[in-house]
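So the structure is just underneath, and the comments pick up after that.
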Amino acid sequence: MKKFFTILFLLPLLVGCKEEDTLLTERDSIVKYLTSSRRMVAEEDLGSVIEDNPSFYSTFGRFAYRHIVNYYDSERESRPVVEWGDMVQIRFNAFTFTGSEPNISSNLYWSNIPTIIEQVGKKSGNTLDWSSEPLAIRLGTTKILEGLEHTLPGCHEADSVQVYMTSDLAYGKKNIIGTVPKGSMVAWYMKIEKVTK
């Protein structure tokens, strides 16, 4: 009987350890992709980089990673910056992420870019019910993926942003029917079209 209660006590700890190990593996997969395939450095390592305008990523919360493609654009600082409470309109491609470059043919699960919707619809032979309108998010109010919510503040209007997130900051243990298997990492490639204060 004592063994039974010991097992009941330890079971949640063992399950928690397994989940933590999974998240660490996912984190390592994203970081390896960013540093090896994309040749980026972590923001905190920028001081040790000799080259001008190095490509870098920033880390947010529990394993969300953001790369601003046009970070060194000379006009970027003059555009509105995203802050909590702002209304943000974005165009995006959302991918399941497997540790390699996301692919529209095999990893795309959602988009609101009209040309992409048309391309995917033609390829599949189906009419997609995806909206081609910009996704409007009021930061801090609209229910969105936790990884997006952490990484949007600090972006500017007209930024092209790539966000990679571990499964717990995406859909977690939910199975998004037919599109995102539970426990999947995801990547969102987006353009911030408008920021309204």
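Heavy-atom basis, side chains included; hydrogens, waters and symmetry copies ignored. Sequence positions, counted from 1, serve as the residue numbers for this chain.
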Could you tell me whether a side-chain N or O of Asp73 sits under 3.5 Å from a main-chain N or O of Glu75, the two making a donor and an acceptor? yes

Give a yes or no on whether Lys197 atom NZ has more than 12 heavy-atom contacts from other residues, nucleotides or ligands under 6.0 Å away. yes

Inspect the contact between Glu20 and Arg27 and indicate whether a charged nitrogen and a carboxylate oxygen are less than 4.0 angstrom apart. no

In this structure, CD1 of Ile90 is separated from CG of Asn112 (nearest 0.5 Å) by 7.0 Å

Checking the side chain of Thr142 only, and the main-chain atoms of Leu139 only, is there a donor and an acceptor separated by less than 3.5 Å? no

Main-chain N/O of Gln162 paired to His67 side chain as donor or acceptor, under 3.5 Å: no

Just verifying a value: how many Å separate Thr35 OG1 and Phe56 CZ, rounded to the nearest 0.5 Å? 15.5 Å

So which heavy atom on Arg91 is nearest to which on Pro134, and how close? NH2-CD, 3.5 Å

Is the gap between the ring centers of Tyr33 and Tyr164 under 6.0 Å? yes

Do the side chain of Glu157 and the main chain of Val195 share a donor and acceptor less than 3.5 angstrom apart? yes

So does Thr25 get a backbone contact from the side chain of Ser29, meaning a donor-acceptor N/O pair under 3.5 Å? no

Residue that, paired with Tyr189, satisfies ring pair (Phe, Tyr, Trp, His ring centres under 6.0 Å) out of Phe95, Phe92, Phe97: Phe95

Ser111 pairs by side chain to side chain contact (heavy atoms under 4.5 Å, CB included) with which of Val120, Ile104, Asn93? Asn93

